Structures are given as C-alpha cells and as structure tokens.
There are 2 protein chains.
Amino acid sequence: METIPYPVTRIRDVASLAKTSVSTVSRVLNNSGYVKAEVRARIEAVIAETGYVPSSLAKDLQRQQSSLVGVIIPKINSYTSGEMVAGLSSVLSEQRYSVLLASTDNHPQSELESLKLFREKRVNGVLLLGTELSEAHRLAMAQMPVPVVVIAQDAARHGISSVLQDERAAAAALTRYLLSCGHRRIGLLGVHEFDIQVGVERKQGFLDALREAGVEADPGLMIQGGFDFQSAARGVDRILDQGRAPSAILAVTDRLAVGAISRLAERGIVVPAQMSVAGMGDIDLAAVFQPRITTIRYDYFQTGARAASLLVDAMQGAVAAAQKIIMGYQLQIRDSVRTVGG
Amino acid sequence: METIPYPVTRIRDVASLAKTSVSTVSRVLNNSGYVKAEVRARIEAVIAETGYVPSSLAKDLQRQQSSLVGVIIPKINSYTSGEMVAGLSSVLSEQRYSVLLASTDNHPQSELESLKLFREKRVNGVLLLGTELSEAHRLAMAQMPVPVVVIAQDAARHGISSVLQDERAAAAALTRYLLSCGHRRIGLLGVHEFDIQVGVERKQGFLDALREAGVEADPGLMIQGGFDFQSAARGVDRILDQGRAPSAILAVTDRLAVGAISRLAERGIVVPAQMSVAGMGDIDLAAVFQPRITTIRYDYFQTGARAASLLVDAMQGAVAAAQKIIMGYQLQIRDSVRTVGG
DNA sequence: CTGAAAGCGCTTACAG
DNA sequence: CTGAAAGCGCTTACAG
C-alpha cells in the first residue's frame, strides 16, 4: 500500500493505483464481464481506501441516459402537491431515477423554461402537475423527445398520458349526499374556470346532481374565486348578501370550506346547526377541524405514484399510446353537514 | 434552406448545416468570443429551425460543473418541508441551480444513499433538512467534497453551516406568556428527544421559563411522543389520567395542539373555557381552526431561502468558515389560551 | 474572426 | 480474462 498523492477522482487514477487498466476497473464498477478475483480485490481495495466515486456525468454522457425525471410543480407548499411529490418520488427512487424538481410558484412562463432546462439536462421523462394547460404548454410538451405524463389535468386528447381525479363524478356524489340530507337550496363556492378540473369539472358535477334531482340551480348562489381563505370569506359574503340564504354550501376545496365556516362564525352563523358546509379533498385537518368536515377523499399520494409508474413504463418503452387513468374517490361523511326537514 | 435529414441533436449537426465549425457554434451558444454577424445569423437560423438543444451532460462534464444542488427532505408531504422547499427552490432557481430532490420518507439509511448519489451526480452543493444527525451522517457530510448546509438542526460544531430556529427561546417566550395569563400548572405535549430541536430545545425553553418564574415542573405532566394526532390524543389522556389536571397545555407543534384540542373535546373539555392549549409553528390552519390557536410563528419559507443563499455563497467560494444562522420567531396570540385567576 | 485538436471521465466493442 | 482505442457531445486554448 502506498500513500495516495492526489485526490482520486478519476477511474484512471484507480486503475494506475491498482496496476490495471481503466477498462477493467470499469468492469468491476459495473459488474460486467469477467475479472480475475485477485484483480477485482485489488481494485476494490483501492476504491475503498481512496473513497473514489465514479462520475455519472461522464457515465450518463457515454450511455446517453441521465436517469433523471423532470418534475414540475406549480406550488410545492400545498397539501396536495406534497402528497403527490411524496408518491411519485417513492416509485421513482425505487426505480433508480432521480428527481429534478422545478417549483414554478404558479408561473406558467417558468414552467416552459423548466421544460427547456429539462431538455438540456437530457431527462428521461417529465411529470407535470398541471393547473392550466395553455397552447404554449401543449407545444412544449409535444416537442419533448421523451415521455411526458400530466397529473391532475386531462391532456389525453393531446396524446399525452394523464392521471387525474374523477372530479365531476365526485362533486356529483357529494351534491347528491347534500340533497339526500334534505338540502334544496345549495350554494357553490367554486374557483375560476381556467382550472379545468377544480373550476369546471367540480361545478359540472354539482350541476349534474341538481339537474338529476330536478332542482333548479340559482346563479346568484354560485361563486367563482381563488383558493385562499380570503376568497372563501368574500364568497360567503356574496352568497349571504344576495337575498335568500341557502341551507348548505358546497365548497370545492377543504380550505375553502374551512374559510367559509370561519367566516360564517364571524357572522354569527353556526355550522352545521344553522348552515351546512361540505368540502372536497380531505386534507388532513378536515378530520380534526371543528366541526369535522364532510368531504370527498382523494388519494393524492397514489395519484403521484400511479403517474410515476406510467412514466416509468413509457420510459422503458413498455407502452406506446397515451393512457388516461382516472383515480377513485370516497365520500367522507362527518359533522359539517346535517339533515334538514324536507 | 434544405430539409433536415435527421434529428439534430449534436452541435456538430448544427455546424455542418450552418456551414461552419463546431467551435463557432459553441461561441454563439455561449455568447463568448467574436462571431461575424452573418455567420451568427446563419447559426441561429439553423438552431431555430431544428429546435436544437445543447446537451448539458456534455457541457457539465467538460466544465466540471453540474449546477446541481442536492436537497434531502425526510418528509416532503408536511407543511414545514413544503415551505422550506419552496423557499430554497426560489433562490436556487434564481441563481440558475437545479434542484435534485431526494425525499427519504424518514429513512436515515436512504439519506446516506442519497448523499452517495449526489456525489456521483457531482452536485455543487447539498442542502440537508435534518431530523436526527447520526454519527454516520456526520461522516458522510464530512466526506462530501462540496459545501453542505444543514437546515433545522445544529451541525455548526461539526464545522457545517446550519440555519435553524431559536427553538429554546421561542418555547420559553410562549411559556412566559402562559405564565403571564395566570397558568401555573402547565402540561407539556412534547416529542422524542432524538429530534434535538423539537424534542430537546423546546422542552428546555419550557423548563427555562418555569424555573425563571419559580414554578416547579411536574414530570407527570411532561409527555414525549410522536408528531401525529394519535400521539396527541394519547398524550392528553396520560396528562388527564395522572391526577390533578393542568390549566394549560403547551403542545410543541400546532398539529399536536389541534390533536389535543380534538381529544379534549371528545372528553368533554372545552378549549379555552376549561383548558388552554398553545401550539408552535403557526401552520396555516392555526389561524382558522376553532378556537384559533395561540402559537409561535416561524418563517419556514425564509429559513429555506436563507439556507440556500448560504449554500450559494459557499459554492461560489465567498465564505470559508461554517456559519450558523438563527432565525427569529413571533408570538401569535389568538384564542386557544385564556387568562385564569391567579 | 474561425477552425482543428485536445480533453472532460466514463463505457464498450474489439483484438489478443 | 485484460487492455488499447474510439467515442459520447461539448468547451477552450491555440494557431492562423
């Protein structure tokens, strides 16, 4: 054993210390081809002593394989994003892919830049958590030379695999439940329609169920706003101040439901005694908020995981055509909705 | 203009289509050196037409610079992690670094593997969101040939830059507030002590304030458990069932506070009328939960951002020695704590 | 202002 | 079983 003169950062250094060739070191590194036990031992000893770690920069260039997956998240600091990232990350890391994360803070422009960056980094696939899917998005995705899977929005008609919730059916199911509790005049606390899934689909489901039951929807009771507590408060005010109050409000997210209940409390209206409120999403505090919120449960972790699996299959060439996976949902009946007299 | 025979993926293809050399194309790509306007225009036209995107695999190998930052997060689907990742990601992307995310799902072993992976990927720096820092962690960090910054735990004495909350002072401030409201018998809903910051420091702060006020701590009132709602419920039961009940409980996280209030409600105890409960962290629902939770506010987004800035400075060689940044905190007085008769 | 050539650190036929 | 050599797609002195 001799002392190491310089930091050993190249396979060539290992080779010369082990008195062998670069090719042979490469073979033991990758466990490929035959290497005499004695030589292998010598090489392994050198690696252990020197702490040599091969450069995957060079390896990836040679193999034309980055083992990277680009993941675009509009807002990483939200409950649903967190769950999805946890889910997709667990399957990706198990499949030996690394996650290149682009948190775009709701800037569509920055999403497009990330796509560009991903191409430069030669990622093997892309996962895009979608909010709005503009024409520019579609173009950029079409130009990606690697598989793309969109989460939470439907891009299947553009030939891109998608995994999403059955928002419309879920909202309809929740509305039916409200109707079954005797509510006939129901407010909708919704969001802007450029979010197709939450803004459009959930509203459609709401309307489906009303129509089905022969209940006429009152436009004055249907609000569109943002996702924050402020929007919820404003929405509640508008619903309350428009004349005849509803007996129930369907908020399209749990956050909005919480904001609504809060605002109602400030105005002296107790939920559910004086008004019922339902949410959607089943964020973890929904079960523990007072009153516990009746809501729709989605499995966001699994949503992320399924999307990642789909992508892995595509990256490994297993599937050709675009797929569309619809995740299930679950009605969680809790305390924020009560039955009223027919 | 001729039609392009094959997908143009190499700088060489661009060069030949533009009737020039690889070196010149490289110059316009990197805006370095002189290029005649005419030639530049020709090259840019070819790039635009072909949609050529240079490979940063090759570029990084040549430049010995990955522009990658490895980020290790034990649990990405949590409020604090989400905020921190959003914060660090915003400064990193602004500085043109990409984030390689390793979500380790609370497996210390997987953190070590990620560190190994980061070395292979030749990241330029590492951000580690710490929970427990084992001996193996320290060794692995010491072996990293690039700067490392630890978030939320103190690794400064190991020569590693850290940015963390002033947990002890914050817990003491909150406890002082409880004392100032007339509470003398106070329960502590804590967590296990291998989490130094939350388990040990917050508890120490609690004890500091009691000692300061000449109030004796009752060991039967001090619980150690996990971070989940179940632990909170169990903790409340143990506190209640040990004999003389406290008039207030300090929960070391807001989640635990929420869990505690919930459990108290189930046992017919109303907060704050019959018992006060304080939390720490000021998660977004703390302000909207009923009752609104009195708590300590930390700025996790900024915590992540500061850590990233520190790392950027280190990666650019601006600083030599390890730094330690202590973030501030803020007492948020709300409704879950009330004043009781001396 | 431009191009030929070396080199970044690996992998992989290929010849021996 | 092993090693010399070419090549992955770039950048960067260097010579012209």
Side-chain angles (χ1 to χ4, degrees), chain A residues 6-44 46-47 50-68 117-124 145-146, chain B residues 6-44 46-47 50-68 117-124 145-146:
Chain A
Y6 295 104
V8 179
T9 52
R10 300 167 310 172
I11 195 172
R12 189 199 307 171
D13 303 322
V14 174
S16 71
L17 283 172
K19 310 247 179 279
T20 179
S21 74
V22 160
S23 331
T24 305
V25 175
S26 176
R27 279 186 208 104
V28 347
L29 247 23
N30 297 294
N31 240 311
S32 61
Y34 301 92
V35 180
K36 213 199 296 177
E38 194 184 320
V39 178
R40 176 185 299 271
R42 230 161 54 218
I43 292 172
E44 280 167 349
V46 169
I47 291 175
T50 57
Y52 166 75
V53 176
S55 163
S56 72
L57 284 184
K59 183 181 189 166
D60 294 348
L61 173 60
Q62 167 61 42
R63 290 211 178 149
Q64 298 286 75
Q65 232 279 358
S66 67
S67 292
L68 244 36
L117 180 75
F118 288 170
R119 293 189 62 177
E120 291 181 353
K121 292 282 184 192
R122 297 296 193 253
V123 300
N124 294 141
V146 292
Chain B
Y6 294 103
V8 178
T9 51
R10 301 167 308 174
I11 194 171
R12 191 199 305 169
D13 303 322
V14 175
S16 71
L17 283 172
K19 312 245 177 279
T20 179
S21 74
V22 159
S23 329
T24 305
V25 175
S26 177
R27 278 185 208 104
V28 349
L29 247 24
N30 297 294
N31 238 312
S32 61
Y34 301 92
V35 179
K36 212 198 299 179
E38 194 184 320
V39 178
R40 175 185 301 273
R42 230 162 53 218
I43 292 173
E44 280 167 349
V46 169
I47 291 176
T50 58
Y52 165 75
V53 176
S55 162
S56 73
L57 283 184
K59 183 182 191 166
D60 294 348
L61 172 61
Q62 168 61 39
R63 290 210 176 150
Q64 298 287 72
Q65 233 278 359
S66 67
S67 293
L68 244 33
L117 180 75
F118 288 170
R119 293 189 63 178
E120 291 181 353
K121 293 280 185 193
R122 297 297 193 254
V123 300
N124 294 140
V146 292

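Within every chain, numbering begins at 1; the chains are lettered A, B, ... in the order of the sequence lines, protein sequences first and strands thereafter. Owing to the predicted nature of the structure, the values given are computational and were not obtained by experimental measurement.
- For R42(B) (side chain) and K19(B) (main-chain N/O), a donor-acceptor pair under 3.5 Å exists by modelled atom type.
- When heavy atoms are screened at a 4.0 angstrom cut-off, T20(B) is found touching the sugar-phosphate backbone but no base atom.
- Listed candidates were dA4(C), dT11(D), dC10(C). Nearest to the side chain of S21(B) is dA4(C).
- dA15(C) atom P lies 19 Å from atom OH of Y34(A), rounded to whole Å.
- Taking side-chain N and O atoms only, R40(A) has no distance below 4.0 Å to OP1 or OP2 of dC1(D).
- Atom pair D60(A):CG and dC10(D):P shows a separation of 15 Å (rounding to whole Å applied).
- Straight-line distance from the CG atom of L57(A) to the C1' atom of dG7(D): 17 Å, rounded to whole Å.
- V39(B) comes within 4.0 angstrom of the backbone, heavy atoms only, and of no base.
- Residues R27(A) and I43(A) have side chains not in contact (no heavy-atom distance under 4.5 Å, counting atoms from C-beta outward).
- No hydrogens or angles were tested; on distance alone, nothing pairs the side chain of Q62(B) with the base of dG9(D) as donor and acceptor under 3.5 Å.
- Across all their heavy atoms, E120(A) and V53(B) have their closest contact at CG-CG1, 3.3 Å.
- For the pair K59(B) NZ and dG9(C) P, the interatomic distance rounds to 18 Å; values are reported in whole Å.
- Residue contacts shown for S55(B) are limited to sugar-phosphate atoms, with no base heavy atom under 4.0 Å away.
- Closest to the side chain of R27(B), from the set dC10(C), dT2(D), dC14(D), is dC14(D).
- Residues Y52(A) and I11(A) have side chains in contact (heavy-atom distance under 4.5 Å, counting atoms from C-beta outward).
- Atom CG of L29(B) is separated from atom C1' of dT11(D) by 11 Å (rounded to the nearest Å).
- The side chain of L61(B) lies closest to dC8(C) when the candidates are dC8(C), dG3(D), dT11(D).
- Toward the 5' end of DNA chain C, the nearer of the two residues A37(B) and R122(B), judged by each one's closest nucleotide, is A37(B).
- For dG9(C), one of the phosphate oxygens OP1 or OP2 lies less than 4.0 angstrom from a side-chain nitrogen or oxygen of Q64(B).
- Minimum heavy-atom separation, R122(B) to P54(A): NH1-O, 3.5 Å.
- Protein atom CD of Q65(B) is 22 Å distant from nucleotide atom P of dG9(D), rounded to whole Å.
- Nucleic acid contact for R12(B): sugar-phosphate only, since backbone atoms but no base atoms lie under 4.0 Å from a heavy atom of the residue.
- V146(A) and N124(A) make their closest contact through CB-O, 3.5 Å (heavy atoms, listed as atom of the first residue, atom of the second, distance).
- Scanning DNA chain D for stems, defined as runs of 3 or more consecutive Watson-Crick or G-U wobble pairs whose donor-acceptor distances all fall under 3.5 Å, gives the following ranges: C:1-3 with D:14-16, C:5-12 with D:5-12, C:14-16 with D:1-3.
- Taking CD from E38(B) and NZ from K36(B), the interatomic distance works out to 5.5 Å, rounded to the nearest 0.5 Å.
- Taking atom CD1 on I43(B) and atom P on dG3(C), their separation rounds to 8 Å, with Å as the unit.
- Here dG9(D) presents its C1' atom at 17 Å from CZ of R63(A), a figure rounded to the nearest Å.
- Within the structure, a side-chain polar atom (N or O) of S26(A) is placed less than 4.0 Å from OP1 or OP2 of dT11(C).
- For T24(A), whose side chain is taken as the heavy atoms from C-beta onward, the closest listed nucleotide among dG9(D), dT2(C), dT2(D) is dT2(D).
- Within 4.0 Å (heavy atoms only), N30(B) reaches sugar-phosphate atoms of the nucleic acid but no base atom.
- At least one side-chain heavy atom of I47(A) sits under 4.5 Å from a side-chain heavy atom of L29(A).
- Phosphate proximity of dC10(C) to Y52(A): present, with a side-chain N or O under 4.0 Å from OP1 or OP2.
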